There are 2 protein chains.
Amino acid sequence: MEGSTKQFRKRNAILACLQQTHAHPSAEMVHEMLQKTHPDISLATVYRNLAWFKSQGMIQSLGTVNGIERFDANTAPHVHFVCTGCSAVIDLPQIAVPHSLETDTEKYAGCRVQGCQLTFTGLCGSCANS
Amino acid sequence: MEGSTKQFRKRNAILACLQQTHAHPSAEMVHEMLQKTHPDISLATVYRNLAWFKSQGMIQSLGTVNGIERFDANTAPHVHFVCTGCSAVIDLPQIAVPHSLETDTEKYAGCRVQGCQLTFTGLCGSCANS
DNA sequence: GAAGAAAATGAGAATTATTTGCATTTATTT
DNA sequence: AAATAAATGCAAATAATTCTCATTTTCTTC
């Protein structure tokens, strides 16, 4: 089924694109990046496949930055920094949210935690120096 | 200017509405909640004033939940839990993000951190038991 | 390898949350 | 009270995303 032979699927190109960038792109950014190698992929297909990958847990959404949804092929929990100047998103794989915060959350909110997202905002190096 | 005498301003009603709820409402939810006491406030005014309060740092946005922006009159940094079942947002004022994570972020990303948002997702008590 | 079934795609229309223009109302200043 | 400034309602405009449907591509089965 999945690891089939004929890989003409544009789906693969979309996933590969996400995996090869650290830009945490939006659907339009993915579409843009694919123009060079796959100029015949429509924006609708990018949206469709991103939604599908997300539903399969193969990618994650970072939520919206300036009203635009951003995606990340790295599904491992990790921290992000979002620049309010240029909307860049930076990974911080070195930093981990203490597990105690999760158990405390379940305790205080009486809920079952399934995911966690820590996002710092501010100015990236470039934007801070300009 | 601000603390003027005639407080007919619907703006006040909108802020008060946000301050009196823990629902982290969207613009439409605010508009809905105000129908009872201020049925003549238009949705555009709600949007406009929420944007204005945000620009003044008087309220904060939690970002979007299911594509809809949610607001919080509590501007103090605090953790949120978002239920993926019913889209409820719960405050967790008891929980604090260790400050070391912020300094580490600045170190690794070479950036200036100005804000931080920790959001746990999962199922709230009600949704977990159904 | 061909026929039929299933999945994926493109193009553009539809949807929906949000924003905006503009005329009117309300508040503030003089 | 007149003049100025700010806020509002309404409807139209935007813009990101989703959906419809006809067509193409891939997979299955013979």
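Predicted model, so just to flag it, every value in this text is computed and none were measured. Residue numbers start from 1 in every chain, and the chains themselves are labelled A, B, ... in the order their sequence lines are given, proteins ahead of strands.
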* To do: Take the protein atom CE of B:Met29 and the nucleotide atom C1' of C:dA17, then report the distance between them rounded to whole Å.
  => 15 Å

* Structure fact -> Rounded to whole Å, the CD-P distance (A:Glu28 to D:dA15) equals 11 Å

* Which heavy atom of B:Leu18 sits nearest a heavy atom of B:Phe71, and at what distance? -> CD2-O, 3.9 Å

* Asked: Has B:Arg9 got a side-chain N or O lying under 4.0 Å from the OP1 or OP2 atom of D:dA5?
  -> no

* Check whether any side-chain nitrogen or oxygen of A:Tyr47 sits under 4.0 Å from OP1 or OP2 of D:dT18, and answer yes or no. => no

* Can you see which heavy atom on A:Leu92 is nearest to which on A:His80, and at what distance? => CD1-C, 4.2 Å

* Note: B:Glu69-B:Lys54 ion pair, threshold 4.0 Å (strictly below) -> yes

* Asked: Does a side-chain N or O from B:Asn66 land closer than 4.0 Å to OP1 or OP2 of C:dA17, or not?
  -> no

* Structure fact -> Here the pair of heavy atoms bringing A:His31 nearest to A:Ile41 is NE2-O, 2.8 Å

* To do: Please state how far atom CG in B:Leu43 lies from atom C1' in C:dT20, giving the value in whole angstrom units.
  => 13 Å

* To do: Using atom NE2 of B:His31 as one end and atom C1' of C:dA17 as the other, report the distance to the nearest whole Å.
  => 14 Å

* Asked: Roughly, in whole Å, what's the span from CG in B:Asn49 to C1' in C:dT26?
  -> 14 Å

* **Upstream residue (5' side of DNA chain D) when A:Arg48 and A:Ala27 are each assigned their closest nucleotide** => A:Ala27

* C:dA27 phosphate, OP1 or OP2, under 4.0 Å from B:Arg11 side-chain N/O -> no

* Is any side-chain heavy atom of A:Gln114 closer than 4.5 Å to a side-chain heavy atom of B:Thr84? -> yes

* To do: Grab the CZ-P distance between A:Phe53 and C:dA8 for me, whole Å please.
  => 10 Å

* **Within residues 54-65 of chain B: residues closer than 4.0 Å to DNA chain C (heavy atoms)** => none

* **Closest approach of A:Leu15 to A:Phe53 (non-hydrogen atoms, all atoms of both residues)** => CB-CZ, 3.5 Å

* Specify the closest pair of heavy atoms between A:Pro25 and A:Val30, including all atoms of both residues, with the distance to one decimal. => CG-CG2, 3.6 Å

* **Closest-nucleotide ordering on DNA chain C, the 5'-leading residue of B:Gly67 and B:Ala44** => B:Gly67

* B:Glu69 side chain: which of D:dT17, C:dT18, C:dG12 is closest? -> C:dT18

* To do: Would you kindly give the CZ-to-C1' distance between B:Arg70 and C:dA17, to the nearest whole Å?
  => 14 Å

* Could you state the NZ-C1' distance from B:Lys10 to C:dT24, rounded to the nearest angstrom? -> 12 Å

